[in-house]
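Some notes on the structure that comes next.
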Amino acid sequence: MKQNNIIKAAVVLVWALLAGVATSYGQYISVGARAPRIEASEWLTDKPSLRGKALLVEFFHSTNPACRERIDQLNQLADNYKEVLNVVVVAREPREQIAEMMLHEYQHVYVAIDEPGSVFGQFEVRYVPFSVLADRKGVILWTGNSALLDSKTLDKFFTTK
């Protein structure tokens with residue numbers, strides 16, 4: 001009986017710890033919160049001017065098939081929403097490994113390298129591809145699996161011209 005109570009107490013303790021981690025884990029990427037600044041270690045393109053435009057941040061890794069499949073869609077989103085939205089792709093890989101591929105395959109998209117992982121950490125990225133959409137004031141509108149962010153979803157936030 002005493003051993004059973006100890007096990008129950010341990011389960012409750014583990015659950016409480018996990019619940020605490022879960023509630024604090026999303027503090028940077030919660031909808032309605034302010035998006036962190038993107039302080040990349042290097043930009044392969046010009047750094048975007050964020051004045052007056054919303055921001056879509058796409059976290060990327062070159063070996064991830066879902067990330068690679070999303071390239072065409074990001075190019076299209078960046079082109080279709082260019083008046084209201086800047087699209088930034090952030091990769092946590094060495095420049096030598098991805099620069100040519102990133103610059104060759106992306107158009108209308110800003111590309112940042114975050115080799116030390118500080119931007120990934122600020123946005124608390126747990127998987128790729130992962131997207132964060134923020135309005136022109138830096139307030140997060142949407143976060144999640146990039147496969148779910150398409151024109152239909154963006155149309156809820158923006159009107160294309």
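Computed from a predicted model, the values in this text were never measured in an experiment. The first residue of the sequence shown is numbered 1, and numbering continues consecutively from there.
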Could you tell me whether a side-chain N or O of Lys53 sits under 3.5 Å from a main-chain N or O of Lys82, the two making a donor and an acceptor?
yes
Is the ring pair Phe59/Phe130 parallel, tilted or perpendicular, if the boundaries are 30 and 60 degrees?
tilted
Check the pair Ser30 / Ile140 against side chain to side chain contact (heavy atoms under 4.5 Å, CB included), numbers first and verdict last.
CA-CA 7 Å; Ser30 299; Ile140 295 174; over 6 Å; no
Does Gln97 have more than 12 heavy atoms from other residues, nucleotides or ligands lying within 6.0 Å of its CD?
yes
Within the 4.5 Å heavy-atom criterion, are Tyr81 and Val87 side-chain neighbours or not?
no
Any ion pair linking Asp155 and Lys152 (charged N to carboxylate O, less than 4.0 Å)?
no
Nearest-0.5 Å distance that lies between atom OG1 in Thr63 and atom CZ in Arg68
9.5 Å
Does some side-chain heavy atom of Gln73 sit less than 4.5 Å from a side-chain heavy atom of Asp150?
yes
Side chain Asn75, main chain Glu105, donor-acceptor under 3.5 Å
yes
Would you name the heavy atoms of Arg37 and Gln122 that are closest together and state the gap between them?
O-OE1, 3.3 Å
Kindly indicate whether the side chain of Leu85, heavy atoms from C-beta on, has any atom under 4.5 Å from the side chain of Leu133.
yes
Can you tell me how far CG of Leu141 sits from CG of Leu149, rounded to the nearest 0.5 angstrom?
10.5 Å
Between the main-chain N or O of Val88 and the side-chain N or O of Tyr106, is there a donor-acceptor pair closer than 3.5 Å?
no
Verify, without hydrogens or angle tests, whether Arg70 (side chain) and Ser146 (backbone) share a donor-acceptor contact under 3.5 angstrom.
yes
Looking at side-chain heavy atoms only, is the closest gap between Val90 and Val125 below 4.5 Å?
no
In the single-linkage hydrophobic clustering (I, L, V, M, F, W, Y; side-chain heavy atoms under 4.5 Å), do Phe123 and Val139 co-cluster?
no
Does the side chain of Ile98 come within less than 4.5 Å of Glu115's, by heavy atoms?
no
Nearest heavy-atom neighbours spanning Val109 and Leu74
CG2-O, 4.1 Å
How far apart are the closest heavy atoms of Gln107 and Ala78, and which atoms are they?
O-CB, 4.4 Å
Mind checking the CG-CG spacing from Leu44 to Asp46? Nearest 0.5 Å is all I need.
11.0 Å
So how far is it from His61 NE2 to Glu93 CD, rounded to the nearest 0.5 Å?
3.5 Å
Scan side-chain atoms only and decide if Asp114 and Ser118 contain a donor-acceptor pair under the 3.5 Å cut-off.
yes
Closest heavy-atom pair and its distance - Ala54, Ala134
CB-O, 3.2 Å
Assess the residue pair Ile38 and Leu55 against the criterion (side chain to side chain contact (heavy atoms under 4.5 Å, CB included)); give the C-alpha distance rounded to whole Å, side-chain angles, the decisive distance to 0.1 Å, and a yes or no.
CA-CA 11 Å; Ile38 299 174; Leu55 178 67; 3.9 Å; yes
Determine whether Val57 and Tyr110 make a side-chain contact, defined as any pair of heavy atoms from C-beta on separated by less than 4.5 Å.
no
Any side-chain heavy atom of Trp142 sitting closer than 4.5 Å to one from Leu148?
yes
Provide the closest heavy-atom pair for Leu154 versus Leu77 in the form atom of the first, atom of the second, distance.
CD1-CD2, 3.6 Å
Testing the basics here: between Ala91 and Phe120, what is the closest heavy-atom pair and its distance to 0.1 Å?
C-CE1, 4.1 Å
Inter-residue atom distance Asn80.CG - His108.NE2, 0.5 Å rounding:
9.5 Å
Just wondering, do Tyr127 and Asn64 contact through their side chains at under 4.5 Å, heavy atoms?
no
